[in-house]
Amino acid sequence: MRWSRLFIPTLRDAPAEAEVISHKLLLRAGYVRQLSAGFYCYLYLAKRSLNKIERIIREEMDAIGAQEVYTPEVHPAELWKESGRWDSIGHDMFRLQDRWGRDLCLGMTEEEVMTWLAKGELRSYKQLPQIWYQIQAKFRDEPRPKAGLMRVRRFTMKDSYSFDLDASGLDESYKKHYGAYCRIFDRCGLDYLPVEAHSGAMGGSESHEFVAPSAAGEDWLVECADSGYAANVEKAVARPKPAPEDEPDENPPEEFDTPGKKTIEEVASFDGLPATSHIKTLVMVADGKPILVLLRGDHGLNEAKLEGILQARELRPAHPEELGDWMGAGAGSLGPVGVGPKLKILADSALEGRKNMICGANKDGKHLRNVTPGRDFEAEFVDVRQVEDGDLDIQSGSPVRLRKCIEIGHIFKLGYRYSESMHLRVLDVNGKEVAPIMGSYGIGLERILTAAIEQNNDEGGMALPASIAPFEVVVTPVNLKDEQQAEAAERIYADLKTAGIDVLFDDRAERAGVKFKDADLIGIPYRIVVGKGIVDGNVEFVDRASRQASDAKLEDVVSLLAEKLVPTRS
RNA sequence: CGGGGCGUGGCGCAGUCUGGUAGCGCGCCUGCUUUGGGAGCAGGAAGCCGGGGGUUCGAAUCCCUCCGCCCCGACCA
């Protein structure tokens with residue numbers, strides 16, 4: 001394409017609304033423009049790049065035998081009522097009504113529609129397994145869209161769904177996706193890794209997230225270099241840093257005054273014991289029912305774990321009034337002694353076997369000392385602790401590390417949740433009705449672009465991997481008024497096109513500096529500069545990412561580039 | 001939803017405190033010169049100062065109200 005005819009509105013200054021690097025560069029490089037919060041227009045360059053990502057995904061999905069389909073973005077409410085998610089999802093779902101007042105929603109994921117489709121058509125085990133996928137807009141009314149394309153209200157998703165006769169079949173489908181996802185992200189040139197993940201509102205047993213480490217990410221990845229362990233922090237387990245030995249005495253609990261001391265830190269510095277000797281008492285409300293959750297004073301609650309243990313749909317901290325009603329004291333003076341069996345008490349496993357700890361007395365301004373779990377209160381011990389940097393890995397015993405990352409894909413074993421709730425059945429080999437077992441698998445296309453930019457940029461702009469850059473190479477004549485340069489540049493452009501290379505020809509009547517700056521900004525991986533050297537038959541070949549430049553013969557440059565592109569094309 | 005910030009030509013900003021009829025840089029258009037890392041000179045176009053209401057002789061500026069955008073938190077497949 002000839003740059004002079006294209007709409008690539010680059011900016012010298014980043015608009016003030018942009019904070020993260022990828023957002024700034026997407027705007028500056030003329031990739032996107034924002035329509036309103038969480039809604040973006042994709043301009044020519046972004047669309048080209050997304051098309052390439054789409055193509056890679058399509059090739060790899062087709063390669064595992066998945067079949068591409070397309071379902072409507074607007075869904076009738078009935079389907080979502082059938083699965084129960086019309087009520088459980090809440091404000092994240094865009095809802096609307098048609099002219100007759102019938103409830104509809106915009107698709108945020110497609111388990112319901114795909115299960116409906118399967119229900120109408122699948123009759124026999126002989127038709128299984130099936131994997132159906134689509135690449136389509138998804139809508140989620142995020143409470144806070146942010147960071148450019150990172151968290152938006154309309155995005156493009158590759159979503160696929162597998163239907164198998166039994167668990168081992170699902171294993172197969174799951175493995176196929178796992179492999180396809182690795183190949184997709186490899187081909188997109190991302191630094192990424194699969195991690196064990198929390199299956200959240202999707203339900204189901206096994207789940208992996210594919211994450212791209214990046215400071216701009218919103219998720220935390222827990223990893224251990226020695227064992228290779230990697231998990232989302234929502235799911236991660238590790239051994240906590242040990243607490244000092246407890247006092248061995250066998251004294252009963254004793255109340256003492258702690259006027260105005262509310263946080264663990266305040267109480268600890270008041271009573272002189274370390275935070276690890278305190279019990280943090282939280283009152284959570286799970287589907288309307290109060291639960292007491294206990295943690296070591298220096299630990300934090302992992303709500304995802306708790307939600308999983310309780311199988312709760314909705315989990316929230318208790319309101320201050322509720323604390324008064326249930327506990328007789330406010331936050332900062334709560335404790336488990338004397339509370340059971342009225343309230344269910346869950347204690348984090350780090351409290352198991354501990355003695356003589358300090359907790360709130362359920363009287364404002366008072367705490368108890370010499371509190372021993374198991375003796376002074378009964379609790380069920382569970383893992384509800386949020387893993388922290390420096391905790392010890394279960395396998396290797398080495399410290400784990402926390403890193404921020406961007407979630408780019410997620411695969412779930414759904415089990416029978418949707419086939420049961422929506423009554424999907426096929427006949428098995430004995431002529432008996434059975435529910436197929438399902439999996440669902442998603443990739444966010446814009447997240448791939450965002451992660452690629454976050455991972456590949458410098459002060460000059462983006463340096464996208466060749467496989468997903470909008471163009472593979474830009475041809476830059478330094479001075480178009482120089483006939484020899486103009487002619488050579490035209491010829492290289494034509495030859496590159498003939499060779500099937502995705503080439504952008506910067507034929508604009510701009511000075512060389514402007515062209516270089518723009519080419520760097522929009523992130524084209526290779527640049528061929530046609531300048532004064534052309535009198536000796538030389539052009540310059542520049543690698544965007546490394547900024548390394550070398551001379552090449554005019555007649556060699558096309559094959560030189562073609563060779564470099566080979567690994568990016570498979 | 002709670003807290004904070006912002007809204008002035010396409011982009012970045014000043015002007016608002018102390019009311020007097022809008023300015024700077026970049027970009028854009030025309031011409032000439034220039035041509036290897038965002039050129040120079042000359043000329044030019046472009047703004048209901050987010051919307052509405054009020055105060056005032058007079059409002060970008062003061063008051064009320066609504067809207068939008070960004071950040072932190074809550075939330076989040």
Side-chain angles (χ1 to χ4, degrees), chain A residues 7 9-20 23-24 27-30 33-40 83 85 88-93 107-111 138-148 150-153 155 157 159 197-204 207-209 218-219 232 234-235 303-304 307-308 313-317 319 407-412 414 417 440-444 447 459-461 476-482 485-486 506 508-521 527-534 538-540 542 547 549 551:
Chain A
F7 180 58
T10 58
L11 301 171
R12 288 198 185 200
D13 301 308
E17 76 230 24
E19 194 106 335
V20 307
H23 189 195
K24 283 184 184 165
L27 290 166
R28 280 194 60 209
R33 291 294 181 259
Q34 185 178 35
L35 213 210
S36 70
F39 293 108
Y40 281 84
S83 72
R85 293 205 291 182
S88 68
I89 281 186
H91 293 297
D92 269 16
M93 185 187 274
M108 53 199 305
T109 176
E110 306 265 337
E111 283 75 19
K138 295 290 181 287
F139 298 84
R140 296 180 187 184
D141 194 1
E142 294 286 345
R144 188 148 93 81
K146 58 190 268 203
M150 185 95 78
R151 182 162 291 275
V152 288
R153 296 198 283 176
F155 61 99
M157 186 185 221
D159 49 317
H198 176 66
S199 47
M202 298 294 289
S207 167
H208 283 86
E209 246 171 38
E218 303 181 298
D219 288 351
N232 188 305
E234 290 190 335
K235 165 97 177 180
E303 291 197 21
E307 210 174 289
R313 279 187 167 179
E314 198 201 325
L315 187 68
R316 63 171 173 85
H319 300 141
E407 177 187 357
I408 50 179
H410 205 153
I411 58 180
F412 299 90
L414 291 175
R417 169 161 182 186
S440 97
Y441 318 85
I443 292 180
R447 291 265 179 99
E459 58 298 333
T476 310
V478 167
N479 185 352
L480 275 171
K481 287 190 181 158
D482 179 316
Q485 286 183 28
D506 195 350
R508 295 175 300 167
E510 292 286 354
R511 296 165 60 88
V514 174
K515 296 186 186 184
F516 294 153
K517 290 285 187 195
D518 273 344
D520 286 353
L521 180 59
R527 187 172 80 214
I528 296 170
V529 183
V530 183
K532 291 187 189 117
I534 201 65
N538 286 328
V539 297
E540 193 182 40
V542 186
R547 303 229 177 191
D551 280 338

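Here the structure is a predicted model, which is why all the values come from computation and not from measurement. A, B, ... follow the sequence lines: proteins, then strands. Residue 1 opens every chain.
With hydrogens and angles ignored, the 3.5 Å screen pairs a side-chain donor or acceptor of R33(A) with a backbone N or O of L27(A). Within the 3.5 Å criterion, the main-chain N or O of P477(A) finds a donor-acceptor partner in the side chain of K515(A). The backbone N or O of E407(A) sits less than 3.5 Å from a side-chain atom of R447(A), completing a donor-acceptor pair. For the pair R153(A) (side chain) and F39(A) (backbone), a donor-acceptor distance under 3.5 Å is absent. The main-chain N or O of R144(A) is never found under 3.5 Å from a side-chain atom of R151(A) such that the two would form a donor-acceptor pair. Looking at S207(A), its side chain does come within 3.5 Å of a backbone N or O of I411(A) through a donor-acceptor pair.
The partner of rU21(B) is absent, by the rule that a Watson-Crick or G-U pair needs both atom distances under 3.5 Å. The partner of rA39(B) is rU33(B), judged by Watson-Crick or G-U wobble contacts that both fall below 3.5 Å. Across all strands shown, rA46(B) forms no Watson-Crick or G-U wobble pair with both distances under 3.5 Å. Of the nucleotides present, rG68(B) is the one that pairs with rC6(B) by Watson-Crick or G-U wobble criteria, both distances under 3.5 Å.
Expressed to the nearest 0.5 Å, how far OG1 of T10(A) lies from CZ of R28(A) amounts to 8.0 Å. Interatomic distance, CG of D159(A) versus NE2 of H410(A), reported as 14.0 Å (0.5 Å rounding).
Residue R33(A) is out of contact with every strand shown, counting any heavy-atom pair closer than 4.0 Å. Within 4.0 Å (heavy atoms only), D482(A) reaches no atom of the nucleic acid at all. At the heavy-atom level, I89(A) lies under 4.0 Å from base atoms of the strands shown.
One atom, CE of M93(A), and another, P of rA77(B), lie 12 Å apart when rounded to the nearest Å. For the pair L35(A) CG and rC69(B) C1', the computed distance is 13 Å after rounding to whole Å. Whole-Å rounding puts the H410(A) NE2 to rA77(B) C1' distance at 7 Å. In this structure, CG of D518(A) is placed 15 Å from C1' of rG36(B), rounded to the nearest angstrom. At whole-Å resolution of the value, CG in D520(A) and C1' in rG37(B) are 8 Å apart. Between the CD atom of E142(A) and the P atom of rC76(B) there is a distance of 10 Å, rounded to whole Å. Computed from coordinates, the N232(A) CG to rA77(B) C1' distance equals 11 Å when rounded to whole Å. Separating the CZ atom of R153(A) from the C1' atom of rA77(B) is a distance of 18 Å, rounded to the nearest angstrom.
Nucleotides rG47(B) and rG38(B), compared at atom P, are 32 Å apart to the nearest Å. The separation of rG7(B) from rU16(B), taken at their C1' atoms, amounts to 13 Å, rounded to a whole angstrom. Rounded to a whole angstrom, the distance from the P atom of rG27(B) to that of rC41(B) is 12 Å. Taking the C1' atom of each, rA59(B) and rG51(B) are spaced 16 Å apart, rounded to whole Å. The C1' atoms of rC49(B) and rA22(B) are separated by 8 Å, rounded to the nearest whole Å. Distance noted for atom C1' between rG50(B) and rA60(B): 12 Å (whole Å). The separation of rC13(B) from rU18(B), taken at their C1' atoms, amounts to 22 Å, rounded to a whole angstrom. Of the P atoms belonging to rC32(B) and rC70(B), the separation is 45 Å, rounded to the nearest Å.
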So which protein nitrogen or oxygen atoms get under 3.5 Å of nucleotides 39-45 of chain B's nitrogens or oxygens?
none

For nucleotides 70-73 of chain B, list the nitrogen or oxygen atoms of the protein found under 3.5 Å from its nitrogen or oxygen atoms, one pair per line.
residue : atom : partner : partner atom : Å
rC70(B) : OP1  : Q34(A)  : NE2          : 2.8
rC71(B) : OP1  : A147(A) : N            : 3.4
rC72(B) : OP2  : R144(A) : NH1          : 3.1
rC72(B) : OP2  : R144(A) : NH2          : 2.6

Each nucleotide N or O in nucleotides 65-67 of chain B that has a protein N or O under 3.5 Å away: list the pair and distance.
none

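Salt-bridge annotation for K532(A) and D482(A): absent, with no side-chain N of the basic residue lying under 4.0 Å from a carboxylate O of the acidic one.
The base of rG38(B) is not paired with the side chain of E510(A) by any donor and acceptor separated by under 3.5 Å. With hydrogens and angles ignored, a donor-acceptor pair under 3.5 angstrom links the side chain of R28(A) to the base of rG38(B). At a cut-off of 3.5 angstrom, counting only N and O atoms as typed in the model, there is no donor on one side facing an acceptor on the other between the side-chain of N479(A) and the base of rG36(B).
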One pair to check against salt bridge (charged side-chain N to carboxylate O under 4.0 Å, His left out): E111(A) and R85(A). What are the steps and the verdict?
CA-CA 10 Å; E111(A) 283 75 19; R85(A) 293 205 291 182; 2.8 Å; yes
Could you walk me through whether E209(A) and K235(A) pass the salt bridge (charged side-chain N to carboxylate O under 4.0 Å, His left out) check?
CA-CA 11 Å; E209(A) 246 171 38; K235(A) 165 97 177 180; over 6 Å; no
With salt bridge (charged side-chain N to carboxylate O under 4.0 Å, His left out) as the test, would you mind laying out the steps for R527(A) and D506(A) before giving the verdict?
CA-CA 10 Å; R527(A) 187 172 80 214; D506(A) 195 350; over 6 Å; no
Residues M157(A), T109(A); criterion side chain to side chain contact (heavy atoms under 4.5 Å, CB included); working and verdict:
CA-CA 9 Å; M157(A) 186 185 221; T109(A) 176; 5.5 Å; no
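Between L521(A) and K481(A), the residue whose closest nucleotide on RNA chain B is further toward the 5' end is K481(A).
Across all non-hydrogen atoms, the minimal contact from A14(A) to K24(A) is CB-CG, 3.9 Å.
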